[in-house]
Visitor: 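So that we are looking at the same thing, I have put the structure below in structure tokens.
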Number of protein chains: 2
Amino acid sequence: MKTTQPLPATETRAALPALTERLRRRSRKVTGQRLAVLDVLRRHAQPLTIKEVFARLDGRNCDLATIYRSIHLLEEMGMVRRFNFGDGGDRFELVPENDQRHHHHLVCIECSAVVRIHECFPAELEERVARANRFKAVTHRLDFFGVCPRCQ
Amino acid sequence: MKTTQPLPATETRAALPALTERLRRRSRKVTGQRLAVLDVLRRHAQPLTIKEVFARLDGRNCDLATIYRSIHLLEEMGMVRRFNFGDGGDRFELVPENDQRHHHHLVCIECSAVVRIHECFPAELEERVARANRFKAVTHRLDFFGVCPRCQ
DNA sequence: ATCGCTGCAAAAATTTTGCAGGTAA
DNA sequence: TTACCTGCAAAATTTTTGCAGCGAT
């Protein structure tokens with residue numbers, strides 16, 4: 001159903017060769033199904049649910065169970081990151097190889113469109129939170145929700 | 001199995017009478033099961049999963065389906081708030097009647113203990129995020145994760 | 001008496017697992 | 001070859017729903 005869109009040359013997300021390299025490094029096999037999953041994630045700025053990945057793979061037949069297994073493997077390898085915006089299932093996003101930069105999301109509560117945000121919670125405040133509660137290794141999750149221009 | 005703990009007189013969370021009042025106002029019935037669910041939530045500082053609520057209700061028999069239905073109703077009425085810390089299922093917390101104060105959580109990644117946090121993402125930064133992306137009615141979700149003193 | 005609520009059981013939806021055959025390295 | 005993977009089907013979870021009877025108001 002869905003034809004794959006051309007990828008702009010200026011594409012900043014990890015290229016497939018680099019991804020396969022990451023798999024090989026851990027002696028995991030580079031299979032057609034995994035490449036397909038990676039490719040789907042790579043071509044979308046927005047985190048996708050398992051079902052969305054499955055839908056986009058329609059044609060290149062790949063079992064749902066395989067997608068679950070692939071995503072879990074990729075997540076465990078740190079190549080994919082999991083999000084939950086409270087709008088249904090978990091969503092997954094490819095972690096760029098050279099841009100592991102911590103970022104956040106601004107999500108439209110109407111259409112689930114996602115914008116990547118680089119504003120971040122001030123480090124000193126985070127430290128204060130950690131110290132005040134004697135927690136170690138504190139990180140945070142920050143997401144913004146609102147209505148996007150198209151849905152207003 | 002679990003006996004209910006005594007509630008300190010200084011308890012700041014909404015008292016049951018106030019809660020029943022909220023139900024009546026909307027012409028929803030005040031049933032034993034709903035009171036039991038509210039009571040469980042009220043007695044715990046930490047957001048609980050459906051299964052945890054069910055486990056604590058053991059004895060006062062209440063069907064799992066009823067808990068799902070109660071929680072959904074209470075959530076829809078704004079008496080209960082849903083969270084997802086990525087540590088399994090969704091968690092639910094009672095929204096105090098007179099303290100709707102927006103707050104966040106600091107969650108232990110080992111034992112899931114939760115501390116309520118009042119540090120908040122700076123409003124001006126949030127506005128900047130909204131403006132920069134032309135989103136309206138922007139809110140945020142902010143959670144901290146780390147290792148609590150007991151688990152270190 | 002009315003309308004909503006509950007338990008039970010069945011259905012639906014989501015995720016995981018076993019296994020035999022297939023494939024990358 | 002030797003691991004590792006995959007599809008398929010079954011199982012395990014989690015959540016929702018239909019329905020007849022019960023209960024709050």
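The chains referred to below are lettered A, B, ... by the order of the sequence lines, with proteins before strands, and numbering in each begins at 1.
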Visitor: Mind calculating the distance between CG (Asp90(A)) and P (dA13(C)) to the nearest angstrom?
Guide: 19 Å
Visitor: Could you pull out all residues at least two apart from Phe144(A) that satisfy ring pair (Phe, Tyr, Trp, His ring centres under 6.0 Å)?
Guide: Phe121(B)
Visitor: Looking at every heavy atom in both Cys62(A) and Phe54(A), which two are closest together, and how far apart are they?
Guide: O-CE1, 3.3 Å
Visitor: Quick check: do Val37(A) and Gln33(A) have side-chain heavy atoms less than 4.5 Å from each other?
Guide: no
Visitor: Between the side chains of His103(A) and Glu119(A), does any donor sit under 3.5 Å from an acceptor?
Guide: no
Visitor: Distance check needed: dG7(C) C1' versus Arg34(B) CZ, whole Å only.
Guide: 14 Å
Visitor: Tell me the interatomic distance from Glu52(A), atom CD, to dA13(C), atom P, rounded to whole angstroms.
Guide: 17 Å
Visitor: On a heavy-atom basis, which atom in Ala130(B) and which in Val138(B) lie closest, and how many Å separate them?
Guide: CB-CG2, 3.5 Å
Visitor: For Asp58(A) and dG7(D), give me the distance from atom CG to atom C1', rounded to whole Å.
Guide: 16 Å
Visitor: Between dT6(D) atom C1' and Arg60(A) atom CZ, what is the distance in whole Å?
Guide: 17 Å
Visitor: With sequence neighbours excluded, tell me which residues meet ring pair (Phe, Tyr, Trp, His ring centres under 6.0 Å) with Phe83(A).
Guide: Phe85(A), His105(A)
Visitor: Please report, rounded to the nearest Å, how far the C1' atom of dG22(C) is from the CG atom of Asn61(A).
Guide: 14 Å
Visitor: In this structure, which one of Arg56(A), Arg60(A), Arg34(A) forms a salt bridge (Lys or Arg N to Asp or Glu O under 4.0 Å) with Asp39(A)?
Guide: Arg60(A)
Visitor: Near DNA chain D, counting only heavy atoms under 4.0 Å, which residues of residues 67-76 of chain B show up?
Guide: Tyr68(B), Arg69(B), His72(B)
Visitor: Look at the side chain of Leu64(B) and decide which nucleotide, out of dC8(D), dT14(D), dT15(D), has an atom nearest to it.
Guide: dT15(D)
Visitor: Which nucleotides of nucleotides 20-25 of chain D have their base under 4.0 Å from a protein heavy atom (B), which only their sugar-phosphate (S), and which neither (-), written as one string 5' to 3'?
Guide: ---BBS
Visitor: Mind checking what makes side-chain hydrogen bond (donor to acceptor under 3.5 Å, both in side chains) contact with Arg91(A), not counting sequence neighbours?
Guide: Glu52(A), Asp87(A)
Visitor: Has Gln33(A) got a side-chain N or O lying under 4.0 Å from the OP1 or OP2 atom of dT23(C)?
Guide: no
Visitor: Distance check needed: dT6(D) C1' versus Leu35(A) CG, whole Å only.
Guide: 14 Å
Visitor: Between Ile71(A) and Leu41(A), is there a side-chain heavy-atom distance shorter than 4.5 Å?
Guide: yes
Visitor: Between the axis at one end of the helix from dA1(C)-dT25(D) to dA25(C)-dT1(D) and the axis at the other (five pairs apiece), what's the angle to 10 degrees?
Guide: 40°
Visitor: Heavy atoms only: give me the nearest Glu126(A)-Thr139(A) pair and the separation to one decimal.
Guide: OE1-C, 3.7 Å
Visitor: Could you state the CZ-C1' distance from Phe54(A) to dG7(D), rounded to the nearest angstrom?
Guide: 11 Å
Visitor: Between Phe145(A) and Arg141(B), is there a side-chain heavy-atom distance shorter than 4.5 Å?
Guide: yes
